[in-house]
Protein chains: 2
Amino acid sequence: MSPAPAPSTGRWPRPLVAVDVAAFTVLESDLKILLIERGLAPRALALPGGFVRCGDVVVDQGEDLEAAARRELREETRLEDGLIGQVRLRQVGAFGAPDRDPRARVISVAWLALVRPELAAFVRAGSDAADARWVRVADVEGFDLAFDHHRIVAACLARLRRDLWEGDVARELVPRAFTVGELRGVVDAVVGVPGDAANFRRRVRGLVEDGVIVEVPGHRVTARRPAQVYAFA
Amino acid sequence: MSPAPAPSTGRWPRPLVAVDVAAFTVLESDLKILLIERGLAPRALALPGGFVRCGDVVVDQGEDLEAAARRELREETRLEDGLIGQVRLRQVGAFGAPDRDPRARVISVAWLALVRPELAAFVRAGSDAADARWVRVADVEGFDLAFDHHRIVAACLARLRRDLWEGDVARELVPRAFTVGELRGVVDAVVGVPGDAANFRRRVRGLVEDGVIVEVPGHRVTARRPAQVYAFA
DNA sequence: ACAAAAGTGTTCTAGTTACACCCATGT
DNA sequence: ACATGGGTGTAACTAGAACACTTTTGT
């Protein structure tokens, strides 16, 4: 709810509040997640993230949760402001189990981010990160992640798969212009197993009829037969 | 993510972290939500909730977020521990916009709770609440709620409707034993508009065949024709 | 010519909707 | 008898899965 006895002062012990971002992309037909190697404290692989800025708490209450997530993503990946602005963030939930960070009570709000493959190439380590790299989701469980980040990744991944079709998640993982085959490749990568190409095409045709996707003049010239190019409306 | 420079001490300004619970039930064919009249500070209607206990932050990090929500619900409704234990809580999300509470930076984690009508009758105001009452959801937008609780209510309501069928939400809103008509009444109340009775029955029959619902020996004797009684498996 | 991907068509099934209808019972 | 809710039947429509098939290109 909110304070009542002790408003601004902080008579009770307060937790730290952080944001963590699970950024996904599709590269080389594989669903990948962005992990950073922490430059500080527990030197392990982790999701990009950090503490929410609270200002001085009296005249300035600081930044929004989403703004914090976007800022952390920007700082640790060195993606420019303009590029990060294109990335939409979805809140997945708060993780606040008591000893998730043994050093202090930290409650973390997890965010899901979808990054276009074109942008994904630009990420490089920044600020608190010693390294930043895209890791195959299939390989993640083999890694040793900091804190409860394995749980957070699992939750974000579930959310991503759940919202694949509704909530136009796929649109944020393909280049602006794409062929049906490319879109199918992305969806297959997210789902994990390939689906029927014919049915997929039908589904896309439905989206075209609904105006969600529009046909774009050109044709993509591939190694094989050229395909019609589309774009999200 | 987590601390690194300043772990336990709190070098940066820390926010307060609260939990708010949107508890729903169905009474008199209406979907209702539990609101309390705050006994403290901003004297307005609000969701039951309060601050997360963080222990001393060094040897004891305090309680889990869900535990905090359950505790607040128990304290402010005076429902016994055993009864509250039956209520399942689902996390809806974190609300942390900068000036949602003008007095201090407060980040609140919202929880959705479903309460059986049998239990709903037992709630009465407790601890920080001057009053506690069940309010028709349809009437809520007319009320003046504390902080951003209107937003929280909207999010929880959306979540409730979304998960109505999957994630067996309905089971937590009906008495242990129920007739098809009663179950339909609850679902209709949540959805807002009544559906087709015949199709609903068919759907329930499907659940029976799947073993989700089982037929219970007795018959309910109503004002009209007695109906078969069912229970969730 | 051949492989490979683009693109079309067809069938089967299951689920949802809408609506007509009978049944049992308390008043 | 009759209104009311319990309970059944059915036709129309829709979405999806499975799979066979043709077309177009680069090599």
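Order of the sequence lines fixes the chain letters, A, B, ..., with proteins taken first and strands second; residue numbering starts at 1 for each chain.
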*So, is R201(B) close to the dG7(D) phosphate, meaning a side-chain N or O under 4.0 Å from OP1 or OP2?*
yes
*Map N199(B) and G181(B) onto DNA chain D by nearest heavy atom, then report which one ends up closer to the 5' terminus.*
G181(B)
_Measure CD/E182(B) against P/dG5(D) and give the value in whole Å, please._
13 Å
*Provide, to the nearest angstrom, the distance between the CG atom belonging to D196(B) and the P atom belonging to dG6(D).*
13 Å
_For W165(A), does the six-membered ring have the charged nitrogen or CZ of R203(A) within the cation-pi criterion, i.e. under 6.0 angstrom from the centroid and within 45° of the normal?_
yes
*Quick one: which of dA24(C), dA3(C), dA18(D) gets closest to the side chain of R225(B)?*
dA24(C)
_Within-4.5 Å side-chain heavy-atom neighbours: V190(A) and L173(A)_ = yes
*Round to a whole Å and report the spacing from CD of E209(B) to P of dG15(C).*
10 Å
*Do the charged groups of R71(A) and E63(A) touch, with an N to O distance under 4.0 Å?*
yes
*Rounded interatomic separation in angstrom, taking NE2 from H219(B) and P from dG26(C)*: 13 Å
*Applying side-chain contact (heavy atoms from CB on, under 4.5 Å) between D20(B) and each of V109(B), D148(B), L73(B), I152(B), report the one that passes.*
I152(B)
*Report the distance from atom CH2 of W165(B) to atom C1' of dG15(C), rounded to the nearest whole Å.*
13 Å
*Nearest-0.5 Å distance that lies between atom CZ in R70(B) and atom CD in E75(B)*: 13.5 Å
*Please work out if R184(A) contacts a base, only the sugar-phosphate, or nothing of the nucleic acid, heavy-atom cut-off 4.0 Å.*
sugar-phosphate
*Starting at CZ of R205(A) and ending at P of dA6(C), how long is that distance when rounded to a whole Å?*
16 Å
*Answer with base, sugar-phosphate or nothing: what part of the nucleic acid does A198(A) contact at a heavy-atom distance below 4.0 Å?*
base
*Report the residue (R203(A) or A197(B)) whose heavy-atom-nearest nucleotide on DNA chain D is the more 5′ of the two.*
A197(B)
*asked:* What is the separation between atom CZ on F200(B) and atom C1' on dG9(D), rounded to the nearest whole Å?
replied: 19 Å
*Closer than 4.0 Å, any side-chain N/O of R202(B) to the OP1 or OP2 of dG9(D)?*
no
*Return the value, rounded to whole Å, for the distance between atom OH of Y230(B) and atom C1' of dG6(D).*
10 Å
